[in-house]
Engineer: 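One structure, pasted below without further comment.
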Protein chains: 2
Amino acid sequence: MSPQRKLLLLGTFVHSQTPQTLDIFHSAGIAVDAEGKIAAIERDASDSSEAKARLLERLGWDEAEVDVTQAADGQFFFPGFIDTHIHAAQYANAGIFGKSSLLDWLETYTFPLEASLSDLSKARRVYARCIRRTLSHGTTTAAYFATIDVAATNLLADLCLSMGQRAFVGRVCMDRAEIVNPTYYRDASTEASLEATQQTIEHVRRIDPGFDLVSPILTPRFAPSCTREVMAGLAQIHRETGLPIQTHLSENAGEIKLVSQLFPEASSYTDVYHRAGLLTPRTVLAHAVHLSEEEADVLASKGAKVSHCPCSNTSLTSGAARVRWLWDKGIDVGLGTDVSGGYSHSILEAARQAAMVSRHVAMNVDISHEDAAVAEEMTAREKERVKLTVEEVLYLATRGGAKCVGLEDKVGGFEIGMEWDAQLVALSHVRDGGELHLHDDAEGEDDHGFVDVFGWESWDDRVAKWLYNGDDRNTKRVWVKGRLVHRR
Amino acid sequence: MSPQRKLLLLGTFVHSQTPQTLDIFHSAGIAVDAEGKIAAIERDASDSSEAKARLLERLGWDEAEVDVTQAADGQFFFPGFIDTHIHAAQYANAGIFGKSSLLDWLETYTFPLEASLSDLSKARRVYARCIRRTLSHGTTTAAYFATIDVAATNLLADLCLSMGQRAFVGRVCMDRAEIVNPTYYRDASTEASLEATQQTIEHVRRIDPGFDLVSPILTPRFAPSCTREVMAGLAQIHRETGLPIQTHLSENAGEIKLVSQLFPEASSYTDVYHRAGLLTPRTVLAHAVHLSEEEADVLASKGAKVSHCPCSNTSLTSGAARVRWLWDKGIDVGLGTDVSGGYSHSILEAARQAAMVSRHVAMNVDISHEDAAVAEEMTAREKERVKLTVEEVLYLATRGGAKCVGLEDKVGGFEIGMEWDAQLVALSHVRDGGELHLHDDAEGEDDHGFVDVFGWESWDDRVAKWLYNGDDRNTKRVWVKGRLVHRR
């Protein structure tokens with residue numbers, strides 16, 4: 001990485017303080033050093049230029065060595081999004097899933113595409129586009145599933161590094177020679193699976209020795225694709241290296257039934273991973289839709305994390321995961337797009353779908369009690385409680401995701417010592433008149449997408465408008481570790 | 001309206017043939033006469049220029065009198081969308097609803113905004129933006145609720161006419177002096193409510209005497225806002241004029257309970273409208289989430305239509321409407337954005353949310369049978385059946401909506417004699433390489449939004465990709481009645 005210039009960011013900043021509260025501060029400044037770390041935050045100035053002067057003085061920085069980005073009136077800086085579960089290889093299939101559910105979707109759509117990415121020119125085209133698109137939607141960190149192919153997986157790591165996206169890159173282990181894995185797309189043996197995993201780990205160690213931007217992640221696809229031996233082998237690598245782990249858990253009824261048949265010794269799907277030694281504080285489990293109380297308790301006791309993938313869970317009719325319940329259990333939750341089980345690669349879309357899915361969970365709350373009036377009141381209260389707010393889904397998209405992937409001290413919020421992974425957000429301001437023009441583009445009016453601010457909205461309302469109607473057009477700049485990696 | 005030039009549209013066309021099938025034809029041409037009607041369709045040519053030559057010859061048209069639009073390779077023409085339920089006044093609140101449900105949402109967010117639009121400069125700003133944005137998303141026909149204010153409602157009709165959007169414009173009747181309607185926002189009396197309705201009808205008759213583009217629509221807000229007398233009065237106007245009717249039905253549990261208290265003589269919410277004479281083949285009922293079998297049978301027998309508003313129903317935790325069940329009953333269904341109960345003004349978004357909500361309905365299917373194996377199989381089959389396909393939700397967005405608003409002979413598909421309400425859709429083609437460029441815009445690569453086509457997709461897959469990830473950037477041209485009303 002070439003040495004970076006220092007940064008000064010000036011204007012309005014919005015980030016999560018707690019799951020329930022956004023911290024919004026204006027006329028402020030954040031100073032970022034040449035390593036991409038937040039060196040100072042100034043929030044008591046009367047305007048941006050005062051904030052700038054104070055920061056330069058406090059840090060003893062010369063203005064000539066600093067790049068200044070001033071957010072325009074109405075714009076704001078927001079932490080970069082963290083996608084805790086995305087299949088880079090499946091990006092090319094986004095939106096294509098028909099009426100399938102998990103197991104037939106894998107067979108019909110997913111395995112053929114993944115297998116075809118052993119063609120490196122195809123892999124480069126799909127992976128580069130996936131990284132570019134997710135960056136343009138403000139995803140500064142992604143936990144990627146690649147494919148079983150080592151060369152293509154290593155290419156994904158190369159591309160993340162060169163395009164500047166913070167990433168966890170997982171070569172997918174699927175060594176079971178029966179049931180789910182097709183003959184044309186599986187590891188040759190358990191040994192071959194573990195050896196291929198090591199090859200990707202070594203490759204990433206060569207290109208990013210400290211795993212500063214790109215890290216390998218141990219990736220047993222999901223229990224039905226894996227032998228006990230490969231899972232135990234990956235758990236052993238985790239114990240030796242501390243590398244993180246990602247897999248799928250309890251997504252779909254058919255899958256759960258299959259797991260119980262394949263692993264009769266286990267008391268539950270969760271117990272399969274528990275027995276293999278795969279449940280750790282560095283483990284990210286995608287979906288967790290149909291967990292029992294006992295399974296959730298095991299996850300909580302092991303400190304394992306859940307990646308909530310609302311778009312995927314609805315698209316594939318998997319179910320509706322209960323985020324409030326997972327939180328009640330003390331489990332950390334982040335958001336995953338799960339492209340292409342989920343059709344959208346946008347974490348902002350995942351955040352709004354998390355809000356929507358929580359409302360479907362609310363619709364199904366039905367608490368029984370011998371006194372009907374008490375039951376009605378308890379049900380009403382619980383319905384309210386399980387709904388996720390704007391603040392909560394934006395927390396999931398940032399700090400929640402950071403906790404999932406073990407980066408809560410580095411990214412997800414604006415604190416001194418954290419790294420500058422952030423986006424600059426702009427909304428459209430509605431002018432008077434103008435309604436008769438045909439050419440939006442010629443006027444440059446719609447550069448900021450279709451979130452319309454009329455001017456009377458509170459800042460909370462502006463953030464809500466962005467959450468519910470925002471897209472990549474609202475994301476004008478994206479930085480990772482202080483480096484500008486996208487602008488429009 | 002100034003006289004129009006004739007049109008020739010050349011390239012690929014996609015439209016619904018039945019709810020289950022899309023008709024996709026290539027190297028074709030459609031000729032549109034100066035009145036905006038489809039005069040001829042050529043689908044047997046070997047390429048576009050042959051289609052053009054054949055159409056000119058068949059119709060005896062001179063090329064000089066015709067404007068030709070050639071869809072580029074990969075682009076396609078699609079019927080304009082029909083929004084069967086949208087509150088133009090609430091456009092300014094899109095995305096702002098917090099954790100509210102229907103009745104508190106009305107009080108907190110909606111009535112204050114609607115009341116404020118008696119300021120005509122504010123109304124112009126909000127309405128013009130709403131029309132412009134919905135046109136840019138391909139909505140060629142909208143059934144609008146305005147407010148109780150006559151002048152502002154008439155302004156909305158004026159703007160629809162001048163901006164070229166086909167519209168039904170409803171002055172909202174809310175004459176009940178208790179319960180829901182706030183003192184600061186309600187009609188002064190039943191007589192005043194009916195008189196104000198007549199004033200808007202007369203205004204629209206003056207500006208568009210044949211109701212060719214803009215039509216009044218009788219709009220009792222919903223039963224809790226209306227007296228029996230005003231509903232009977234509106235039914236009388238319908239019988240005298242044939243004007244269409246729109247209102248809300250069975251959206252939310254609290255609302256349904258309130259209706260049963262306010263109208264103890266009625267056997268159901270549906271029966272309130274039935275008794276008032278408001279259920280007709282020209283009636284559009286938004287939501288219909290919690291209908292009983294009997295209520296649905298009444299709607300079917302009266303030929304009344306349902307506007308399905310999935311985004312709103314989820315956002316306000318109203319419930320999940322059962323489109324398949326409504327279809328089974330023989331009820332015509334269209335889509336509504338229900339801005340701002342729904343946060344998005346895009347019917348493409350409504351279509352994908354209809355697909356998603358149908359999956360939540362599927363998740364809750366649970367058929368009982370004394371034989372557990374039979375129950376399981378019946379449940380699985382029914383789960384599959386209630387899911388809506390890509391084809392079905394696009395039908396709802398076009399022909400289904402046209403039936404709802406009584407325009408099925410005019411718009412919603414490409415047939416000779418129908419009017420040219422259509423959009424030209426373009427998707428992005430992924431080039432090789434290019435992954436290191438920061439500037440999407442400078443390359444012009446992302447003009448077409450973020451639906452990425454790699455080139456190997458079938459046409460069905462391309463349409464699915466558009467449905468699930470498309471936005472206004474994919475809609476390059478929009479025509480209503482042959483007039484170009486939007487381009488980017």
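Within every chain, numbering begins at 1; the chains are lettered A, B, ... in the order of the sequence lines, protein sequences first and strands thereafter.
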Engineer: For each of S344(A), S101(A), G95(A), tally heavy-atom pairs with chain B at distances under 4.5 Å, and name the one with the top tally.
Structural biologist: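 That would be G95(A).
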Engineer: Examine whether an atom of R352(A) lies under 4.5 Å from a heavy atom of chain B, and if so say whether it belongs to the side chain, the backbone or both; otherwise answer neither.
Structural biologist: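 Just the side chain, heavy atoms under 4.5 Å.
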Engineer: Using a 4.5 angstrom heavy-atom cutoff, name the option from A362(B), A94(B), C311(B), A320(B) with the most pairs to chain A.
Structural biologist: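 The candidate making the most pairs under 4.5 Å is A94(B).
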Engineer: What residue in I131(A), T389(A), N364(A), L467(A) has the most heavy-atom pairs under 4.5 Å with chain B?
Structural biologist: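 Highest number of heavy-atom pairs under 4.5 Å: N364(A).
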Engineer: Only one of H360(B), K383(B), R359(B) clears side-chain contact (heavy atoms from CB on, under 4.5 Å) with T317(A); which?
Structural biologist: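 That would be R359(B); it is the only one of H360(B), K383(B), R359(B) passing the side-chain contact (heavy atoms from CB on, under 4.5 Å) with T317(A).
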Engineer: Is N313(A) in contact with chain B via its backbone, its side chain, both, or neither, using a 4.5 Å heavy-atom distance?
Structural biologist: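 N313(A) touches chain B through backbone heavy atoms alone.
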Engineer: Need one label for S100(A): side chain, backbone, both or neither, based on atoms under 4.5 Å from any heavy atom in chain B.
Structural biologist: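 For S100(A), backbone heavy atoms alone lie under 4.5 Å from chain B.
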Engineer: For chain A, which of S358(B), S318(B), S315(B), S346(B) has the most heavy-atom pairs under 4.5 Å?
Structural biologist: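 Going by pairs under 4.5 Å, I would pick S315(B).
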Engineer: Contact part of W466(A) toward chain B, heavy-atom cut-off under 4.5 Å: side chain, backbone, both or neither?
Structural biologist: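 Contact with chain B involves no heavy atom of W466(A) at all.
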Engineer: What I want to find out is whether K257(B) reaches E376(A) closely enough, with some N-O distance under 4.0 Å, to be called a salt bridge.
Structural biologist: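 The answer is yes: the pair qualifies as a salt bridge.
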Engineer: Please determine if K387(A) and E392(A) form a salt bridge, counting it only when a charged side-chain N lies under 4.0 Å from a carboxylate O.
Structural biologist: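 Judged by the 4.0 Å cut-off on N to carboxylate O distance, K387(A) and E392(A) do not form a salt bridge.
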Engineer: What part of E384(A) gets within 4.5 angstrom of chain B, counting heavy atoms only: side chain, backbone, both, or neither?
Structural biologist: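 Both backbone and side chain of E384(A) come within 4.5 Å of chain B.
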Engineer: Would you say S312(A) and D338(A) are linked by a side-chain donor-acceptor pair, where the criterion is simply a distance under 3.5 Å?
Structural biologist: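 A pair is found: one side chain offers a donor N or O, the other an acceptor, under 3.5 Å apart.
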Engineer: For D119(B) and S121(B), test the side chains for any donor-to-acceptor distance below 3.5 angstrom and give the result as yes or no.
Structural biologist: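 Per modelled atom types, D119(B) and S121(B) side chains form a pair under 3.5 Å.
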Engineer: Given heavy-atom pairs under 4.5 angstrom as the criterion, report whether the side chain, backbone, both or neither of K122(A) touches chain B.
Structural biologist: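 Only the side chain of K122(A) comes within 4.5 Å of chain B.
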Engineer: When the aromatic ring centroids of Y468(B) and F97(A) are compared, is their separation below 6.0 Å?
Structural biologist: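 Yes.
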Engineer: Do the non-hydrogen side-chain atoms of R473(A) and D472(B) ever get within less than 4.5 Å of each other?
Structural biologist: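 A side-chain contact under 4.5 Å exists here.
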Engineer: When you look at H137(B) and F450(A), which way does the ring pair (Phe, Tyr, Trp, His ring centres under 6.0 Å) test go after all the steps?
Structural biologist: CA-CA 10 Å; H137(B) 281 79; F450(A) 63 90; 4.7 Å; yes
Engineer: Check whether V126(A) gets within reach of chain B through its side chain, its backbone, both or neither, counting any heavy atom under 4.5 Å.
Structural biologist: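 Backbone plus side chain of V126(A), per the 4.5 Å heavy-atom cut-off to chain B.
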